[in-house]
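Order of the sequence lines fixes the chain letters, A, B, ..., with proteins taken first and strands second; residue numbering starts at 1 for each chain.
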2 protein chains.
Amino acid sequence: MSAKIKDVAAAAGVSVATVSRALGSGPVSAALRQRVEEAAKQLGYRPNLSARRLRSQHTQTVGLIVSDIRNPFFTAVSRAVEDAAYQAGMRVILCNTDENPDKEAMYLRLMEEERVSGVIFSPTRDTARRLRPDAYDFPVVMIDRAGPAGQADAVVLDNRLAARQLVEHLVAQGYRHIGGLFGNTSSTGAERHAGFEAALAAHGLAGEGRFIAPTAEAAEAVVTQWLAEEQRPDALIASNGLLLLGALRALQRAGLSSPHDLALAGFDNEVWTGLVGNGLTVIEQPVYEIGRTAMEMLLSRLDDPGLSIRSVVLAGRLLVRGSTSPHPSA
Amino acid sequence: MSAKIKDVAAAAGVSVATVSRALGSGPVSAALRQRVEEAAKQLGYRPNLSARRLRSQHTQTVGLIVSDIRNPFFTAVSRAVEDAAYQAGMRVILCNTDENPDKEAMYLRLMEEERVSGVIFSPTRDTARRLRPDAYDFPVVMIDRAGPAGQADAVVLDNRLAARQLVEHLVAQGYRHIGGLFGNTSSTGAERHAGFEAALAAHGLAGEGRFIAPTAEAAEAVVTQWLAEEQRPDALIASNGLLLLGALRALQRAGLSSPHDLALAGFDNEVWTGLVGNGLTVIEQPVYEIGRTAMEMLLSRLDDPGLSIRSVVLAGRLLVRGSTSPHPSA
DNA sequence: AGCCAAAATGTAATCGATTTCAATTGCTAC
DNA sequence: GTAGCAATTGAAATCGATTACATTTTGGCT
């Protein structure tokens with residue numbers, strides 16, 4: 001079994017308290033500190049974090065609960081969160097819920113048992129709505145999705161603006177029959193839909209938004225059917241990377257291409273969106289900044305719990321590529 | 001502050017030992033168990049995992065140390081590991097090293113301090129070589145990459161075979177001047193290179209393999225230069241998804257396309273490989289199975305530490321797509 | 001009813017660290 | 001030389017659970 005603090009104390013000829021202080025940040029004479037460090041290294045001493053956490057009553061741990069770890073958006077965010085966390089001397093527990101409210105509940109319970117310092121969370125719409133701000137002993141920062149305003153700290157994209165940017169761009173390019181695909185489990189989908197509708201209305205246009213399960217398969221099926229309908233749209237917007245992927249696959253399977261048969265645009269600047277054809281027009285999210293900001297918000301709230309609830313809203317960036325070049329008839 | 005076991009005991013009118021047993025798996029009468037459960041729910045009791053781990057001396061935690069969480073291969077593997085872990089009642093700590101030996105050392109140290117039950121690890125070549133099997137108190141299962149044979153449990157792809165399959169396929173399609181890009185930080189790169197060379201030699205061909213940093217940027221730069229050389233290869237193999245991405249970008253930037261100007265093939269069936277042009281020919285790795293198997297190996301070794309060291313070698317699957325259709329001159 | 005083994009419950013030790021509080025040491029100043 | 005004070009060090013309590021061991025209760029059997 002590995003060495004304990006008692007062994008180090010014995011080896012260095014001091015008390016356990018001195019060892020704790022020498023290895024930590026207590027007041028210890030230079031001579032003793034050196035003796036202790038030497039003994040610790042000699043014995044290969046590793047402090048037991050469970051014991052430390054139990055006694056000190058802070059875990060230096062944050063939970064990061066994301067809805068889909070395979071989504072590059074969340075892996076990028078989690079990289080940022082981890083970088084910031086380790087820089088602040090904290091650890092991260094990464095949890096993946098698959099958009100499943102049961103898993104969300106399970107992981108939140110786990111976070112309580114771990115006595116985490118705080119949680120960064122991208123909840124499903126149901127959970128976001130249900131979540132009471134004071135239900136937990138730790139602060140929660142929402143990312144990507146937010147509940148009712150003022151409920152908890154959050155850092156999100158300006159979803160309405162981003163959707164509007166896409167619509168404006170398509171309209172400017174001459175498209176008039178614009179369809180939209182939106183995820184039906186997140187508040188994000190709803191907000192992007194709202195921006196979509198508002199922008200179309202501003203131009204006196206009526207678009208058709210469809211809410212579907214947030215998977216590429218669902219999107220592919222829906223779009224395949226959509227393309228076969230009488231009134232095929234001349235442009236399509238997908239509200240996240242997975243839906244965009246499904247839409248693209250449906251196009252390819254139908255032997256259609258962008259922008260020739262149909263303009264295609266969406267959210268998330270995933271690696272492949274720059275590779276296919278002449279590129280897909282997308283809204284790029286400031287992924288790293290989202291993660292870093294979430295961690296910063298969490299740290300500052302831990303520092304001062306009295307702060308009032310804040311929402312940070314970040315703007316996306318429209319990347320215009322070939323899939324939305326001017327409408328053929330224009 | 002949240003309720004402790006003592007509070008539950010008081011509320012239920014029993015001793016703390018009884019609470020522990022009732023909530024755990026001790027012998028308790030049905031009546032008491034119910035009373036305890038009620039009291040626990042009433043108080044919103046959450047056991048403190050730090051205290052439990054300290055006393056019980058097992059953490060039910062495994063560490064998963066991967067070299068790049070943005071690589072879809074590792075996110076898929078980590079999904080599998082987490083699924084299997086939670087099914088076995090264990091938690092996962094996910095760590096990301098960026099192929100950086102210092103970070104590897106840091107995280108291994110963290111694993112010791114966490115007193116994890118075991119670790120699943122994709123080490124850099126340097127660390128794999130240095131790692132002593134008995135250096136840690138916990139078992140280690142290597143994934144994707146392995147050190148010297150018999151050093152630790154491992155689950156890996158049959159890299160030589162997979163590289164050979166690619167070369168055989170290209171040769172059969174009529175290609176003769178085959179270049180290869182291999183990562184220079186992992187044993188995987190070296191093995192795939194060995195299979196590459198061996199397969200070419202078997203046909204009396206001499207290929208050129210280049211070892212580079214495992215990033216898309218490095219691959220793009222190298223391939224861009226390569227394409228400008230006098231003796232341009234007629235086919236290119238990339239030993240992982242990132243390198244393949246870089247190679248593809250270099251082709252696109254040079255205004256070339258596959259297979260017309262150059263055949264392109266590689267490892268990892270990433271989402272975009274099926275989308276670009278007529279698709280890229282790749283070796284698909286059984287990603288989920290790799291993760292699940294690694295977790296199973298770890299669990300069985302924890303169950304019986306006396307087991308002899310095992311390596312599980314899984315075969316990849318060649319997915320033939322448009323990027324390697326027959327050589328124009330054939 | 002009486003006895004014994006088995007089952008249920010309680011008491012107290014324990015895990016390995018940090019932290020409180022007390023004791024000691026070393027200086028400075030008079 | 002010693003009082004006073006700050007800086008070090010040590011002894012022991014403590015964090016919140018599990019578990020070894022002791023004790024009580026239960027139930028079966030004669």
Side-chain angles (χ1 to χ4, degrees), chain A residues 1-37 39-40 43-61 89 91 109-117 137, chain B residues 1-37 39-40 43-61 89 91 109-117 137:
Chain A
M1 197 45 59
S2 57
K4 306 179 267 194
I5 198 172
K6 232 162 84 174
D7 305 319
V8 178
V14 299
S15 72
V16 295
T18 300
V19 174
S20 175
R21 286 189 277 248
L23 267 29
S25 56
V28 183
S29 67
L32 274 198
R33 164 160 282 133
Q34 172 151 9
R35 259 190 19 228
V36 169
E37 281 170 355
L43 295 172
Y45 170 69
R46 296 282 182 274
N48 182 317
L49 289 183
S50 294
R52 170 182 304 188
R53 291 186 184 127
L54 172 59
R55 172 62 233 225
S56 71
Q57 297 291 78
H58 31 66
T59 56
Q60 304 286 75
T61 299
R91 266 161 296 280
R109 170 182 264 262
L110 175 62
M111 295 303 102
E112 294 187 286
E113 300 187 348
E114 292 275 6
R115 302 293 193 272
V116 295
S117 309
D137 286 338
Chain B
M1 199 45 59
S2 57
K4 306 178 268 194
I5 198 173
K6 231 163 86 175
D7 304 321
V8 177
V14 299
S15 72
V16 295
T18 300
V19 175
S20 176
R21 287 189 277 249
L23 266 29
S25 55
V28 183
S29 68
L32 275 198
R33 164 161 282 132
Q34 171 150 8
R35 246 170 54 210
V36 169
E37 281 169 355
L43 295 172
Y45 170 69
R46 295 283 182 273
N48 182 317
L49 289 183
S50 294
R52 171 181 303 186
R53 291 184 184 129
L54 173 59
R55 171 61 232 228
S56 69
Q57 297 290 79
H58 31 63
T59 56
Q60 305 286 75
T61 299
R91 266 161 296 279
R109 170 180 264 262
L110 175 62
M111 295 303 103
E112 293 187 285
E113 300 188 347
E114 291 277 6
R115 301 293 191 272
V116 295
S117 309
D137 286 338

Shortest non-hydrogen contact between A:Val36 and A:Val8, atoms and distance: O-CG1, 4.1 Å
Tell me whether the OP1 or OP2 atom of D:dA17 has a side-chain N or O from B:Tyr45 closer than 4.0 Å. yes
Using every non-hydrogen atom in the two residues, find where A:Val116 and A:Thr59 come nearest and quote the distance to one decimal. CA-OG1, 3.6 Å
Could you give the NZ-to-P distance, from A:Lys6 to D:dA11, as a whole number of Å? 13 Å
Remember a base hit wins even if backbone is also touched, and classify B:Arg46 as base, sugar-phosphate or nothing at under 4.0 Å, heavy atoms. sugar-phosphate
Can you tell me the distance, in whole Å, between the CD1 atom of B:Ile5 and the P atom of C:dT14? 19 Å
Would you mind classifying the nucleic acid contact of A:Val28 as base, sugar-phosphate or nothing, using non-hydrogen atoms under 4.0 angstrom? sugar-phosphate
In whole angstroms, the gap separating P of C:dC15 from CG of A:Asp7 amounts to 12 Å
Between B:Pro27 and B:Arg21, which heavy-atom pair has the shortest distance, and what is it? CD-CD, 4.0 Å
Is it true that a side-chain atom of A:Arg35 and a backbone atom of A:Ala12 form a donor plus acceptor pair closer than 3.5 Å? yes
How close or far is atom C1' of C:dT18 from atom CG of B:Leu54, stated in whole angstroms? 12 Å
Just the rounded figure in Å: distance from C1' of C:dA17 to CZ of B:Arg115. 10 Å
Take nucleotides 23-28 of chain D nucleotide by nucleotide from the 5' end and write B, S or -, depending on whether a protein heavy atom sits under 4.0 Å from the base, only from the sugar-phosphate, or from neither. ------
Base, sugar-phosphate, or nothing for A:Leu32, non-hydrogen atoms under 4.0 angstrom? sugar-phosphate
Less than 4.0 Å between a side-chain N and a carboxylate O, is that true for B:Arg52 and A:Glu113? no
5′-ward residue of the pair B:Gly13/A:Ala51 relative to DNA chain C: B:Gly13
Just wondering, more than 12 heavy atoms not from A:Gln34 lying within 6.0 Å of its CD? no
Are A:Gln60 and A:Arg53 side-chain neighbours, meaning at least one heavy-atom pair lies under 4.5 Å? no
Side-chain N or O of B:Gln57 closer than 4.0 Å to phosphate OP1/OP2 of C:dG16: yes
From A:Asn48 atom CG to B:Arg115 atom CZ, the distance as rounded to the nearest 0.5 Å: 4.5 Å
Give a yes or no on whether the backbone of B:Thr61 and the side-chain of B:Arg91 come within a donor-acceptor separation of less than 3.5 Å. no
Find the distance A:Glu113:CD to D:dT18:P and express it as a whole number of Å. 11 Å
Taking every non-hydrogen atom, the tightest pair across A:Leu23 and A:Ala40: CD2-CB, 4.4 Å
Length of the line joining A:Lys4:NZ and C:dG16:P, which is rounded to integer Å: 4 Å
Review item, nucleotides 19-21 of chain C N/O atoms under 3.5 Å of protein N/O:
| residue | atom | partner | partner atom | Å |
| --- | --- | --- | --- | --- |
| C:dT19 | O4' | A:Arg55 | NH2 | 3.3 |

So, OP1 or OP2 of D:dG16: does either fall under 4.0 Å of a side-chain N or O from B:Ser50? no
Distance check needed: C:dG16 C1' versus A:Arg53 CZ, whole Å only. 13 Å
